[in-house]
Amino acid sequence: MTSKPFRIVRFVVFMMLILSNGFLAYLYYKEGAANRALAKLVADTHAQIGQIQDALGQKDVQKAYAHLADAQKRMAAYLPSPPGAKAVVAIQEQPKAATTQPVAAATSPATPIPATTTAQAAPMPKAVALVIAPDKTPQPFLLATTGEYLLICEKENKTLHLFRFNGGKFNLVKSYPCIVGANHKDKKEAGDLATPKGTYFFMRFSPGSSLPEKYGYGAFVLNYPNFLDRKDRKNGTGIWLHGHSNGKNIGQEDLQNTKGCIVISNEDLKELAGWLKPSGTSITVVGKVNVASIGEQNQTSMDIMKFLEGWRQAWESGNNKKYIGYFAKEFISGDGMNYEAFRRHKEKVNNSKKFIRVKMEDLAILLPPEQNGQIAVVRFVQKYRSNNFDSDSNKLFYLKNGPTGWHIIGESVF
C-alpha cells in the first residue's frame with residue numbers, strides 16, 4: 001500500500017511534468033508564430049519593393065514614397081528596439097530665450113545642438129537661430145510698409161522666421177520650428193512632395209472650423225503657382241501654411257514632413273494669425289537664408305521706386321508710347337494678354353479718358369533669391385481714378401532687370 005507522503009510527492013512531480021510540457025508547448029508555439037510572422041514580413045516587403053519599382057517606373061514619386069513609408073513601418077513594428085535605445089531627431093535648436101520672446105535682432109551665434117528624444121514621446125523641435133550682422137539684411141527684402149510683418153521659410157533648417165519692417169530696417173522678431181515637403185528639391189509638378197522655392201503672398205486665411213481636422217487651427221493659402229512658376233511650367237496647387245491635428249507635435253513619427261505645405265504648431269499659427277494680414281503678407285521659401293549689404297539693397301530699392309514712379313506718371317500723362325515703354329515685349333497681363341494685345345487694349349482705353357489718376361499704396365518690394373537679383377516682385381494697392389471709372393486693386397508686378405533697366409514682365413492680383 002502506497003504511503004500518503006509518497007502519493008503527495010508523486011502528484012507534485014506529475015503536475016511539474018504537466019507544467020513543463022505546457023511551457024515547452026508554449027515556447028514551440030511562440031517560436032512558430034514568430035517564424036510565421038517573419039516569413040509574412042519578408043513576403044510583404046518583397047511585394048512592396050516590387051510596388052516601389054513599378055511606381056518609379058511610372059514616375060509616380062508620391063506612390064513610391066507611400067510604399068516605402070509603409071515598408072518602414074512594418075519593419076519597425078517587427079524589430080524590437082535595443083534596451084535603453086533612444087531615437088535621435090535630426091533637428092537643431094537655439095537657446096530658449098531666442099524663440100520664446102520677440103527680439104529686435106540676434107547679436108551672437110548659437111551653437112546648434114541635436115535634440116534627442118524617446119520614440120514614444122517626441123517633444124516639440126526648436127527653431128534654428130538666425131544671426132544677421134548689423135550692416136546686412138535678408139536677401140529677399142528691399143522695402144515694405146512701416147510696421148509690416150514678413151516671413152522667410154528655411155527648408156534646410158525647417159525654421160520659419162518672422163521679420164518686421166521698422167525704422168527703415170527688417171528686424172528679426174521670432175523664429176518658429178516647422179516641417180516642409182518630404183522631397184527637399186524645388187517643386188516642379190503636382191504630387192512631387194516638394195515645397196516650392198520662391199516669393200509668395202497670402203491670398204486668405206481659412207479657419208480650422210471650415211477645414212478637415214488635420215489642418216488644426218487653420219491655414220494661410222499661398223498664391224502658388226505664381227507668375228514666375230507658370231512661366232517656368234511648374235504646376236500643382238494647394239500650398240498652404242497651416243497647423244496640424246490636435247494632440248500631436250511636429251517632429252513625431254507622422255509629422256516629420258508634408259506633401260508640400262509648410263506646417264507649424266497650432267499655438268504658433270494662432271500667434272502669427274494675430275500679427276499677419278490674411279491677404280498680401282509675403283512669405284519667401286529658400287533652402288537657407290542668404291544676406292546682402294543694406295547699402296546695396298537700398299540702392300536697388302531706390303532704382304525700382306524711381307522706375308515705378310515713372311510708370312505711374314506716364315500712365316497719368318496719357319502718353320501711350322511712353323506708358324507702354326515700361327513693359328517688356330515678353331509681358332503677360334493678369335488676364336493672359338500678351339504684349340501686343342495689352343498695348344492695343346490700353347491705347348483704346350486710355351484714349352477714351354479725360355483724365356487718369358493713379359496712386360500706389362501699401363508698397364513692398366522683394367527679390368526672389370533664386371532669380372539672382374534679376375527679378376523683383378512688387379506688391380501694392382493700385383488706386384485708379386478717371387472721369388468714368390474708379391477702382392482699387394491688390395496687385396503684383398514682376399519686374400526684370402536688363403541692359404536698358406527694369407521692365408514689367410508680368411502682373412497678377414491677390
Side-chain angles (χ1 to χ4, degrees), residues 141-148 150 165 168 199-204 223 226-228 230-231 277-282 298-367 374-414:
F141 300 153
L142 290 183
L143 183 69
T145 301
T146 298
E148 177 178 357
L150 307 89
F165 186 69
T199 295
Y200 301 97
F201 295 87
F202 291 167
M203 304 289 286
R204 63 185 178 277
N223 68 326
N226 62 23
F227 171 81
L228 298 175
R230 293 191 296 272
K231 189 177 176 66
K277 294 183 295 185
S279 176
T281 295
S282 74
N298 286 344
Q299 183 59 56
T300 302
S301 176
M302 287 189 290
D303 291 344
I304 294 176
M305 287 288 292
K306 182 179 179 180
F307 169 84
L308 293 170
E309 178 60 16
W311 162 82
R312 189 192 66 80
Q313 291 182 6
W315 196 0
E316 288 188 345
S317 73
N319 186 329
N320 288 323
K321 183 177 180 180
K322 187 176 181 181
Y323 170 71
I324 292 298
Y326 284 86
F327 296 84
K329 293 294 178 67
E330 62 184 288
F331 173 77
I332 301 293
S333 74
D335 298 329
M337 288 187 286
N338 62 22
Y339 174 83
E340 283 299 326
F342 179 77
R343 180 185 62 80
R344 292 192 298 269
H345 170 71
K346 282 298 184 181
E347 286 179 351
K348 181 180 178 181
V349 172
N350 293 346
N351 289 338
S352 69
K353 304 294 182 180
K354 293 181 180 180
F355 71 88
I356 295 175
R357 297 290 181 266
V358 180
K359 289 184 178 180
M360 301 179 70
E361 298 181 356
D362 196 25
L363 189 69
I365 307 174
L366 299 99
L367 296 176
Q374 299 307 300
I375 300 290
V377 184
V378 182
R379 182 216 65 205
F380 62 101
V381 176
Q382 176 181 288
K383 295 195 171 185
Y384 176 92
R385 303 290 183 266
S386 71
N387 59 293
N388 57 6
F389 182 73
D390 297 345
S391 72
D392 293 346
S393 306
N394 297 324
K395 299 195 73 171
L396 299 174
F397 270 177
Y398 293 87
L399 312 182
K400 184 176 182 179
N401 196 16
T404 58
W406 293 95
H407 287 84
I408 305 168
I409 62 171
E411 67 173 4
S412 62
V413 296
F414 64 90

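Of the possible polar contacts, one joining the Glu316 side chain to the Val358 backbone as a donor-acceptor pair under 3.5 Å is found.
Between Leu399 and Val377, every side-chain heavy-atom pair lies at or beyond the 4.5 Å cut-off. Two residues are said to be in side-chain contact when any heavy atoms from C-beta on lie closer than 4.5 Å; Phe397 and Trp311 meet this criterion. Annotation: side chain of Phe202 is not in contact with side chain of Asn223 (no heavy-atom distance under 4.5 Å). Side-chain contact between Leu228 and Tyr398 is present, with heavy atoms from C-beta onward closer than 4.5 Å. The side-chain heavy atoms of Val378 and Leu143, taken from C-beta on, include no pair separated by under 4.5 Å. When side chains are defined from C-beta on, Asn320 counts as touching Asn350, because their heavy atoms get closer than 4.5 Å.
Note: Phe201 CZ to Asn394 CG = 11.5 Å, rounded to the nearest 0.5 Å. Considering CE of Met305 and OG1 of Thr300, their distance stands at 13.5 Å, rounded to 0.5 Å. To the nearest 0.5 Å, the span separating OG on Ser282 from CD1 on Ile365 amounts to 12.0 Å. For the atom pair CD1 of Ile375 and OG1 of Thr199, the computed distance is 11.0 Å after rounding to the nearest 0.5 Å.
The ring pair (Phe, Tyr, Trp, His ring centres under 6.0 Å) test applied to Tyr384 returns Trp315, not counting sequence neighbours. In this structure Lys359 satisfies the side-chain hydrogen bond (donor to acceptor under 3.5 Å, both in side chains) test with no other residue, sequence neighbours excluded. Checked against side-chain hydrogen bond (donor to acceptor under 3.5 Å, both in side chains), Glu309 has the following partners two or more places apart in sequence or in another chain: Arg312, Gln313. Residues satisfying the side-chain contact (heavy atoms from CB on, under 4.5 Å) criterion with Asn298, sequence neighbours excluded, are Ile294. Evaluation of the salt bridge (charged side-chain N to carboxylate O under 4.0 Å, His left out) rule for Lys322 yields no partner, not counting sequence neighbours. Checked against side-chain contact (heavy atoms from CB on, under 4.5 Å), Met302 has the following partners two or more places apart in sequence or in another chain: Gln299. For Arg385, the side-chain hydrogen bond (donor to acceptor under 3.5 Å, both in side chains) partners at least two apart in sequence or on another chain are Asp392. Judged as a side-chain contact (heavy atoms from CB on, under 4.5 Å), and not counting sequence neighbours, the contacts of Thr145 are Glu148, Asp362, Arg379. Partners of Asn226 by side-chain hydrogen bond (donor to acceptor under 3.5 Å, both in side chains), not counting sequence neighbours: none found.
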**OP:** Just do the side chain to side chain donor-acceptor pair (under 3.5 Å) check on Ser317 and Asn319 with the steps written out, would you?
**Re:** CA-CA 5 Å; Ser317 73; Asn319 186 329; 5.2 Å; no
**OP:** Go through the steps to decide whether Met360 and Gln382 satisfy the test side chain to side chain contact (heavy atoms under 4.5 Å, CB included), and finish with yes or no.
**Re:** CA-CA 5 Å; Met360 301 179 70; Gln382 176 181 288; 5.9 Å; no
**OP:** List the steps and the verdict of side chain to side chain contact (heavy atoms under 4.5 Å, CB included) for Phe414 and Leu396.
**Re:** CA-CA 7 Å; Phe414 64 90; Leu396 299 174; 3.8 Å; yes
Original post:
Could you walk me through whether Leu142 and Leu366 pass the side chain to side chain contact (heavy atoms under 4.5 Å, CB included) check?
Top reply: CA-CA 5 Å; Leu142 290 183; Leu366 299 99; over 6 Å; no
**OP:** Take Tyr326 and Leu308 through the side chain to side chain contact (heavy atoms under 4.5 Å, CB included) test and state the conclusion after the steps.
**Re:** CA-CA 9 Å; Tyr326 284 86; Leu308 293 170; over 6 Å; no
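Pairs engaging residues 347-358 under the salt bridge (Lys or Arg N to Asp or Glu O under 4.0 Å) rule: Arg343-Glu347 [sequence neighbours left out]. The side chain to side chain donor-acceptor pair (under 3.5 Å) analysis of residues 401-414, with sequence neighbours excluded, yields the pairs Lys395-Glu411.
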Identify each donor-acceptor pair in which a side-chain atom of residues 327-334 lies under 3.5 Å from a protein atom, sequence neighbours left out, and give them as a table.
from   : atom 1 : to     : atom 2 : distance (Å)
Glu330 : OE1    : Lys231 : NZ     : 3.0
Glu330 : OE2    : Lys400 : NZ     : 3.4
Ser333 : OG     : Asp335 : N      : 3.2
Ser333 : OG     : Gly336 : N      : 3.3
Ser333 : OG     : Met337 : N      : 2.9

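In terms of heavy-atom proximity, Leu150 sits nearest to Ala144 at CD1-CB, 4.2 Å.
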